[in-house]
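None of the values given here were measured: they were computed from a predicted structure. Chain letters run A, B, ... following the sequence lines, proteins first and then strands; every chain starts at 1.
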2 protein chains.
Amino acid sequence: MQRQPGDPDTAAKILDIAERLVQVRGFNGFSYADVAAELGVTKSALHYHFSGKAELGDALIVRYATRFAAALAAIDTQTTDAAAKLDAYASLYLDVVRDERMCLCGMLAAEYQTLPAPMGEAVMRFFDDNEAWLARTLQQGRDDATLHFVGSAHDTARMVISSLEGAMLVARPYGDIGRFEAAARGLLAGLTPATAPRPVPAA
Amino acid sequence: MQRQPGDPDTAAKILDIAERLVQVRGFNGFSYADVAAELGVTKSALHYHFSGKAELGDALIVRYATRFAAALAAIDTQTTDAAAKLDAYASLYLDVVRDERMCLCGMLAAEYQTLPAPMGEAVMRFFDDNEAWLARTLQQGRDDATLHFVGSAHDTARMVISSLEGAMLVARPYGDIGRFEAAARGLLAGLTPATAPRPVPAA
DNA sequence: GTCTATAGGCAGATAGAC
DNA sequence: GTCTATCTGCCTATAGAC
């Protein structure tokens, strides 16, 4: 599974390595030298595939967002129940946590002020796309009474995204998947009335 | 308000500048040169006050955590209602967002894998302290029926912390305080039954 | 496609004068 | 306490051979 000289998929391998490095160490926490050493090539070879770190960063976000969008489309294909869709959504995040990574765009959001402008804009588009999918799913669940939430579907979608991102962020230092799982469970429980009955205030 | 030569509070001014730089750009996104330039001294002067970047980082977290602990103690002094305490807690975060910063320890959590070990441990202590205070407050609120939540007070405390941290994280690229406020409102609404009545499932 | 070699800059850090 | 001067190392990036 090591790279062969002249490998036509070197670009993909570079992206694989760089993606993990950014998710673990941040965009400001890795270098071309790190990627080159791991791939077993020189830094110059990287410049052939990606002219600079900014372009590599762009490509990373594009590929990540595309893969994520495909996963959301797959959820829509395989699931009809809104609550089950939300579960599947959360488990996409769980997969990242299991890999001891942070969400690529969550990490980049922290570094936002130091990113090249195109990368920053791509990060926002990632969140916007997630928000749109979640808002549709939440609205569907409210329409058929399988989900319950106060306020707009879009605001609730934003809350879901930021809560999951925050749960990843804070769980990282502890290296504790359970911390993320508990937060995700609590979040989803708050959206599914049947699993979390709640007393009506006396008033 | 500029620094005078021989200023006895140079160390504090260094911490002020470095704190903001870390909150905005990250620990890996600023340098001694940045701090020195802003303060109007050379890098060498910084090394006199903090022997290295790791020690400066330690001092930053200690001061931040101390200040935060004092703010929590002040809330306990000024407020008795648990829901009001949670509001005050959230508004500590809001102050940070208003300043266009990320929580210091939230930012460092993202960079955790690249931090010197003592800094990483101090970041966890910060979250542990927050969790302990929140868990006490949540338990108090449940005991006197002013708050409602499912599961343990500690798990709920963790959810509050990670949701607020995540809301800051995701709001940053958009430069939109309203995004954070909406998320915080939604979070607190989920803990205060009176302000967010919810139908009991038919079952 | 990948290499060697190298440029130019900035990083964190130290020695020693004042 | 702060300076000048300097060190070493790593960073991103480029030129040009193979």
Undergrad: Take A33(A) and Y48(B), find for each the nucleotide of DNA chain D with the closest heavy atom, and name the residue whose nucleotide sits nearer the 5' end.
TA: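 Per heavy-atom nearest nucleotide, the more 5' residue is Y48(B).
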Undergrad: If I take atom CG in residue N28(B) and atom P in nucleotide dC11(D), what distance separates them, rounded to the nearest angstrom?
TA: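 Taking atom P of dC11(D) as the reference, CG of N28(B) is at 12 Å.
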Undergrad: Is a donor on one side and an acceptor on the other found under 3.5 Å between the side chain of K85(A) and the backbone of G141(A)?
TA: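 Pair absent, no side-chain N/O of K85(A) close to backbone of G141(A).
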Undergrad: Scan T42(A) against the nucleic acid and name what it touches under 4.0 Å (heavy atoms): base, sugar-phosphate only, or nothing.
TA: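 Counting heavy atoms under 4.0 Å across all strands, the contact made by T42(A) includes a base.
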Undergrad: With the threshold set at 4.0 Å, does a side-chain nitrogen-carboxylate oxygen contact exist between D95(A) and R98(A)?
TA: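 Answer for the salt bridge query: yes.
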Undergrad: I need the CG-C1' distance between L39(A) and dC3(C), as an integer number of Å.
TA: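 Nearest whole value for this atom pair: 14 Å.
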Undergrad: Any idea which of dC3(C), dA13(D), dT2(D) is nearest the A45(B) side chain?
TA: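 Of the candidates, dT2(D) comes closest.
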Undergrad: What is the distance, to the nearest angstrom, from the NZ atom on K53(B) to the P atom on dG9(D)?
TA: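 K53(B) atom NZ is separated from dG9(D) atom P by 19 Å.
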Undergrad: Please report the interatomic distance CD1(I161(A)) to CG(L187(A)), rounded to the nearest 0.5 Å.
TA: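 Answer rounded to 0.5 Å: 11.0 Å.
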Undergrad: Could you tell me the separation between the NZ atom of K13(B) and the P atom of dG1(D), rounded to a whole number of Å?
TA: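 Whole-Å distance recorded here is 12 Å.
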Undergrad: Considering every strand and a 4.0 Å limit on heavy-atom distances, what is the contact class for F50(A): base, sugar-phosphate, or nothing?
TA: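 If one applies the 4.0 Å heavy-atom cut-off, F50(A) turns out to touch nothing in the nucleic acid.
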Undergrad: Phosphate oxygens OP1/OP2 of dT2(D): is one of them under 4.0 Å from a side-chain N or O of H47(B)?
TA: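 Answer is no, no contact under 4.0 Å.
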Undergrad: Distance check needed: dC10(C) C1' versus K43(B) NZ, whole Å only.
TA: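 One finds 8 Å between C1' of dC10(C) and NZ of K43(B), rounded.
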Undergrad: What is the distance, rounded to the nearest whole Å, between atom CZ of F30(A) and atom P of dC11(D)?
TA: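 Spelled out: CZ on F30(A) to P on dC11(D) is 11 Å.
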Undergrad: Does S31(A) use its side chain to pair, donor to acceptor, with the backbone of D34(A) at less than 3.5 Å?
TA: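 Yes, the answer is positive, given that a donor and an acceptor are paired below the 3.5 Å cut-off.
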Undergrad: Let me know the distance between CZ of R25(B) and C1' of dC10(C), rounded to the nearest Å.
TA: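 To the nearest whole Å, that distance equals 13 Å.
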Undergrad: Atom OH of Y32(B) to atom P of dT8(D): distance rounded to whole Å?
TA: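 Rounded to whole Å, this separation is 21 Å.
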Undergrad: So which nucleotide from dC11(D), dG1(D), dT2(C) ends up closest to the side chain of H49(B)?
TA: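 My answer, after comparing the listed nucleotides, is dG1(D).
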Undergrad: Provide the closest heavy-atom pair for Q139(B) versus F149(B) in the form atom of the first, atom of the second, distance.
TA: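 Q139(B) and F149(B) have their closest heavy atoms at N-CZ, 4.4 Å.
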Undergrad: Taking atom types as they are modelled, is there a donor-acceptor pair under 3.5 Å from the base of dT14(D) to the side chain of S44(A)?
TA: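 For S44(A), whose side chain was compared with the base of dT14(D), there is a donor-acceptor pair (under 3.5 Å).
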